[in-house]
Amino acid sequence: MPVQRLNHAVLYVRDVDRSTAFYTEALGFRVVASVPGRAAFLQAEGSSNDHDLGLFGIGDTAGDTTAGRGTVGLYHLAWEVDTLAELDRIRGVLSAHGALVGASDHGSTKALYAKDPDGLEFEVSWLVPAELLGPDTGMRTAPLDLEAEIARYGAGTRGGIGVSVP
C-alpha cells in the first residue's frame, strides 16, 4: 500500500520550552509527552496520531537554518484547518505573536505563512472543497483576500477533498 499521509514532523529548536509554548498557544497543539528542557511531543486537536510534532532542544547557541538560502533542506510544513473562520482566527493569533509573514491564495488552497521562535517557516491552510473546485481554482500564487474568500465560500464551510458543503 502506498504512503497515505504525513504522520508527524520533528524539529530541532533552540529552546524546547519556548517552542512548546508557541505551538500550543498559536496552533492549539497539546503536549502528550515531554522531557522538560529537552524534548516535547505535541498532538493537534482532533488528531488520531500519538503525536504530530516532535520538538528537540539543542541549545541557545544553535545557528539559524540556511535551508533554501545556501543549503538544501525542508522549506516548510503545512497544517490544515477545517474552516475559513478558523484560518481567520489563527491569522489573528499568529499576528499577535509577531509570527505571520505572509498570506497566499493558491487557488485550491488559502494559506497563511508564519515563522516559529527559531525562524522555522510553516503554513496553515484551508482547502477548497472538491465539489467547489473549478477553472478559477487552479494552482497559482496570488495575495490572499481572506475576507473575500469568506464571503465567497462561507466562514463555516468545511474544507478538504470529499467533504460536503452544508
Side-chain angles (χ1 to χ4, degrees), residues 1-11 13 18-32 40-55 65 67-68 73-166:
M1 165 150 312
V3 170
Q4 299 295 305
R5 64 187 175 98
L6 179 68
N7 180 270
H8 68 271
V10 176
L11 303 176
V13 299
R18 177 184 69 177
S19 293
T20 298
F22 174 80
Y23 283 100
T24 57
E25 293 168 13
L27 298 182
F29 283 84
R30 63 183 163 269
V31 177
V32 293
F41 298 90
L42 312 178
Q43 184 183 55
E45 186 176 329
S47 174
S48 60
N49 292 337
D50 65 350
H51 71 283
D52 296 288
L53 183 61
L55 302 171
T65 181
L74 182 67
Y75 171 35
H76 69 257
L77 302 170
W79 308 105
E80 184 180 340
V81 295
D82 286 342
T83 66
L84 286 169
E86 182 61 10
L87 192 65
D88 190 34
R89 186 193 71 76
I90 287 178
R91 177 177 60 172
V93 173
L94 293 173
S95 291
H97 278 84
L100 189 64
V101 296
S104 296
D105 181 346
H106 294 302
S108 61
T109 64
K110 313 307 172 187
L112 304 175
Y113 292 90
K115 290 188 177 183
D116 77 1
D118 287 301
L120 301 174
E121 191 162 334
F122 62 92
E123 175 182 341
V124 180
S125 61
W126 178 80
L127 284 64
V128 175
E131 62 272 15
L132 297 179
L133 293 172
D136 65 333
T137 54
M139 260 185 129
R140 66 174 178 269
T141 299
L144 177 63
D145 182 344
L146 190 51
E147 290 73 20
E149 298 302 325
I150 289 171
R152 177 180 182 181
Y153 294 109
T157 299
R158 291 180 51 85
I161 297 173
V163 177
S164 298
V165 177

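Atoms considered below: every heavy atom in the structure, side chains included; atoms not considered: hydrogens, waters and symmetry mates.
- Considering D118, D116, L42, V31 in turn, L42 is the only one that fulfils the side-chain contact (heavy atoms from CB on, under 4.5 Å) rule with L55.
- Residues satisfying the side chain to side chain contact (heavy atoms under 4.5 Å, CB included) test with T137, not counting sequence neighbours, are L133, R152, Y153.
- Side-chain atoms of W126 come within 3.5 Å of backbone N or O of T157 as a donor-acceptor pair.
- Remark: L112 CG to L87 CG distance equals 4.0 Å, nearest 0.5 Å.
- Taking H106 as the reference, S104, T109, A111, Y113, T141 meet the side chain to side chain contact (heavy atoms under 4.5 Å, CB included) condition, with sequence neighbours excluded.
- A donor-acceptor pair under 3.5 Å is formed between the side chain of N49 and the backbone N or O of N7.
- Taking the six-membered ring for Trp and thresholds of 30 and 60 degrees, H97 and F22 have ring planes more than 60 degrees apart, a perpendicular arrangement.
- A67 and L74 make their closest contact through CB-O, 3.9 Å (heavy atoms, listed as atom of the first residue, atom of the second, distance).
- For D50, there are no salt bridge (charged side-chain N to carboxylate O under 4.0 Å, His left out) partners, not counting sequence neighbours.
- Side-chain atoms of Q4 come within 3.5 Å of backbone atoms of P2 as a donor-acceptor pair (strictly under, hydrogens ignored).
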### Message
Test ring pair (Phe, Tyr, Trp, His ring centres under 6.0 Å) on F29 and W79; report intermediate values, then the result.
### Response
CA-CA 11 Å; F29 283 84; W79 308 105; 5.1 Å; yes

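- The salt bridge (charged side-chain N to carboxylate O under 4.0 Å, His left out) check on E149 picks up K110, with sequence neighbours excluded.
- E45 pairs by the side chain to side chain contact (heavy atoms under 4.5 Å, CB included) definition with R30, not counting sequence neighbours.
- Residues meeting the side chain to side chain contact (heavy atoms under 4.5 Å, CB included) test with A85, sequence neighbours left out: T83, A155.
- Considering all non-hydrogen atoms of both residues, A9 and L77 come closest at CB-CD1, 3.2 Å.
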